[in-house]
Amino acid sequence: METPSDENNKIREPFLSSSPSKGGFGTLPFILATEAFERVATLGLSPNMIVYLRREFGMETAKAANVIFFCSAATNFTPIIGAFIADSYMGKYRMIGFGSVLCFLGMILLWSTAIIPQARPYCDQFNTTCEAPTTPQLLLLYCSLGLISIGAGGIRSSCMAFGADQLDKRNNPENTKTLQSFFGWYYATVTFSALIAVTSIVYFQDNLGWGMGFGIPVMLMFGSAVSFFLASSFYIKLKAKTSLLTGLAQVLVASFRNRHIELPSHATNEVYHIRKGSMLQVPSEKLRFLNKACVIKDPQEDLTSNGDASNPWNLCTVDQVEDLKALIRVMPLCSAGIMMSVNVYQGSFMVIQAGTMDRHVTPNFEIPAGSFSMFMMISIVVWIPFYDRIALPLASKIKGKSVRLGLKQRMGIGLLCSCASMVASAIVEYTRRKIAIEEGLSDEPPAVVHMSALWILPFYILGGLAEAFNGIGQIEFCYSELPKTMSTIAANIYGFGTFISNLVASFITSMVNNVTKRGGESWISSNMNKGHYDYYYCLLAGLSMLNFMYFLACCKAYGPCHGDNKNQAEKSKKGDYESIDDS
């Protein structure tokens, strides 16, 4: 554990306490358990939520799907807000504690809708007809889901970074290796928790009822909060500092306020505000209008005696301007991943579809409809080591040179896999609907057709490959293209994209439902046998292909990736690198 004098030599926030007994590996089990319990509790609610809203609240499929889309959007967006608040005001420890309490309260409210009859509308014994939910009942439901989303966002925004704070010792030569090990355990914990959630929790909901199925997540969330607070006295708690997002906002404000000034024709370091110790002396010529944010108009008025900006909202550093430019440049390519996430989030409809198919693996065991999403996670977990340890070494051995895929190639392959998953879903749903009609089940939507539910596995497998290629590739792309000072933002860009994708998915669902039901039965009718989910999936496949064309245009406009160029240069020095050009 460092002394305060050691800490002063670091570019990081100061400790609240400098006790030598704080931090270290001993605190990690409590932090990882907090994240694990929260993931199992919240992710265990997602797969069957559309079934619960339809059966217990009498919602139409389209409306239930929209509720889930908005909840997922909130869960993906709140970590970004939480990270900003934690960095700027509250600190990570308080943010995680606040999120744990809120999430636990939300779980209790959702549980109450399952165990208190007055908290949900009356439905008959077979859930075929339900009364319309009252305003208080809907308010209770939406409040519970909102609290869960906000609370989960508070935990996820800071848990990984808080764990890294317990180990981060910059003067330790093993620091990088230690942090990499922690990140590996963190992601392994998250993935394992997700698998437990979509198997065990979904099984309890299907076989023991909603009361037990929602009660277990309540207990898990209580365990998450207790686990976190038990080790409170042993944590390293760092003070909040100014967020990088604030610095980016200052560039936008300053460039707007200085919009009327003329940029100098010959850039010199005397004209621009330069951060002490920075290697950047002048801004780049790209997005030149932002350069006005770092132009010194009057040194006497704009700068303090020690060279800092007297008002950071009127004058920014060259580094701040270049950070914002880098972020703007990567956004178009990253935005292409939104459509991939839209396709992945069609899993709610797949749960309904799987419920109408034969899910038996053996005569005595059938897979719960909500557990099919585990195949997407399994495909990700299996493909990543296969690609890294088998596919690439084998290709390199065949070629006689080291072979690798570029970042943009991997992202493009992911988009094509996502498009293929929608094509496969359309074919399967067309076949399933045809069989249902032939068997005379048009008016019996819950009836099971004579078709194996394993036919929907291509959706999950291809979706998992899309995540493995595009999702992970996008994260690596952001880390390699953005400055190191923006690593926090790089880690949250993908989450922000999933937030947008939920809103887009909700918009597409609402539009399709409103437009198609004018001619009779909606494509996404609550009765899948009368609707046309196959047409809906074809529409998404078409949009995915248009999105791929947009991605290619963005690739051409962006040019070569810095990360790929750097790796290629390093390999070229050894003379054993075969380039796969993706520019």
Side-chain angles (χ1 to χ4, degrees), residues 49-55 57-73 127-130 132-133 338-357 369 418-447 449 451 455-456 458-459 462-463 500-550:
M49 184 55 64
I50 193 168
V51 179
Y52 181 69
L53 296 179
R54 291 178 71 219
R55 290 182 181 176
F57 279 81
M59 291 187 183
E60 294 182 355
T61 301
K63 182 177 180 180
N66 279 332
V67 171
I68 295 172
F69 286 145
F70 280 117
C71 289
S72 182
N127 296 105
T128 55
T129 58
C130 290
I338 291 175
M339 194 63 215
M340 180 205 70
S341 296
V342 168
N343 295 339
V344 169
Y345 285 119
Q346 303 307 313
S348 295
F349 294 134
M350 294 296 168
V351 172
I352 302 174
Q353 188 174 336
T356 66
M357 303 170 75
S418 177
C419 180
S421 72
M422 287 294 98
V423 173
S425 299
I427 295 173
V428 171
E429 174 54 21
Y430 172 82
T431 306
R432 187 209 65 81
R433 183 177 182 274
K434 182 180 179 182
I435 294 175
I437 293 174
E438 291 174 351
E439 294 179 353
L441 302 175
S442 297
D443 296 319
E444 300 180 38
V449 301
M451 180 179 179
W455 282 106
I456 66 175
F459 165 78
L462 289 169
I500 299 295
S501 68
N502 280 280
L503 300 182
V504 173
S506 177
F507 173 76
I508 294 175
T509 301
S510 298
M511 288 295 295
V512 169
N513 184 57
N514 293 332
V515 172
T516 58
K517 71 180 181 182
R518 294 174 185 172
E521 197 78 30
S522 169
W523 285 2
I524 47 179
S525 168
S526 296
N527 185 341
M528 294 194 78
N529 299 332
K530 287 187 175 181
H532 271 291
Y533 282 76
D534 49 345
Y535 294 173
Y536 175 65
Y537 295 146
C538 284
L539 173 64
L540 293 178
L543 293 175
S544 298
M545 186 53 63
L546 291 176
N547 180 67
F548 181 70
M549 301 298 180
Y550 163 75

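Since the model is a prediction, treat every value here as computed from it, not as a measurement.
- Distance check, rounded to the nearest 0.5 Å: NZ of Lys434 to CG of Asp534 gives 12.0 Å.
- Within the model, atoms CE of Met339 and OH of Tyr550 stand 13.5 Å from one another, a figure rounded to the nearest 0.5 Å.
- Here the side chains of Asp443 and Lys530 are in contact, with some heavy-atom distance below 4.5 Å.
- Nearest heavy-atom pair across Met59 and Val67 is SD-CG2, 4.2 Å.
- Of all the heavy atoms in Gly355 and Ala369, the pair that sits closest is N-CB, 3.9 Å.
- A donor-acceptor pair under 3.5 Å is formed between the side chain of Ser526 and the backbone N or O of Thr61.
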- Worked check of side-chain contact (heavy atoms from CB on, under 4.5 Å) between Val342 and Leu543: CA-CA 10 Å; Val342 168; Leu543 293 175; over 6 Å; no

- From CA spacing to verdict: side-chain contact (heavy atoms from CB on, under 4.5 Å), Glu521, His532: CA-CA 9 Å; Glu521 197 78 30; His532 271 291; over 6 Å; no

- Pair Val428-Met451, side-chain contact (heavy atoms from CB on, under 4.5 Å): steps then yes or no: CA-CA 10 Å; Val428 171; Met451 180 179 179; 3.9 Å; yes

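- Nearest approach of Ser348 to Ile50, heavy atoms of both residues: O-CG2, 3.6 Å.
- Between Phe70 and Leu503, some side-chain heavy-atom pair lies under the 4.5 Å cut-off.
- What you find for Ala73 and Asn502 is that their closest heavy atoms are CB-CB, 3.3 Å.
- Taking CG from Leu540 and OH from Tyr535, the interatomic distance works out to 15.5 Å, rounded to the nearest 0.5 Å.
- With contacts defined as side-chain heavy-atom distances shorter than 4.5 Å, the pair Ile352/Arg54 qualifies.
- Scanning all heavy atoms of the two residues, the minimum distance from Ser525 to Tyr533 falls at O-OH, 2.8 Å.
- Residues Asn343 and Ser421 bring no donor and acceptor atom of their side chains to less than 3.5 Å of each other.
- Between Asn513 and Trp523 there is no side-chain heavy-atom pair separated by less than 4.5 Å.
- Side-chain N/O atoms of Glu429 and Tyr536 include no donor and acceptor closer than 3.5 Å.
- A donor-acceptor contact shorter than 3.5 Å is absent between the side chain of Ser72 and the backbone of Ile68.
- Checking side-chain atoms of Ser510 against main-chain N and O of Ser506 turns up a donor-acceptor pair under 3.5 Å.
- Remark: Ile456 CD1 to Gln353 CD distance equals 6.0 Å, nearest 0.5 Å.
- Donor-acceptor pairing under 3.5 Å is lacking for the side chains of Thr509 and Asn66.
- Distance OG/Ser442 to CD1/Ile437: 4.5 Å, rounded to 0.5 Å.
- Side-chain contact check for Pro445 versus Met528: every heavy-atom pair is 4.5 Å or farther apart.
- What you find for Ala424 and Pro458 is that their closest heavy atoms are CB-CB, 4.0 Å.
- For Glu60, the CD atom counts as loosely surrounded, since its 6.0 Å shell holds 12 or fewer non-hydrogen atoms of other residues, nucleotides or ligands.
- With rounding to the nearest 0.5 angstrom, the CZ atom of Phe459 is 8.5 Å from the OG atom of Ser418.
- Judged by distance alone, with hydrogens and angles left aside, the side-chain atoms of Arg432 form no donor-acceptor pair with the main-chain N or O of Ala354 at under 3.5 Å.
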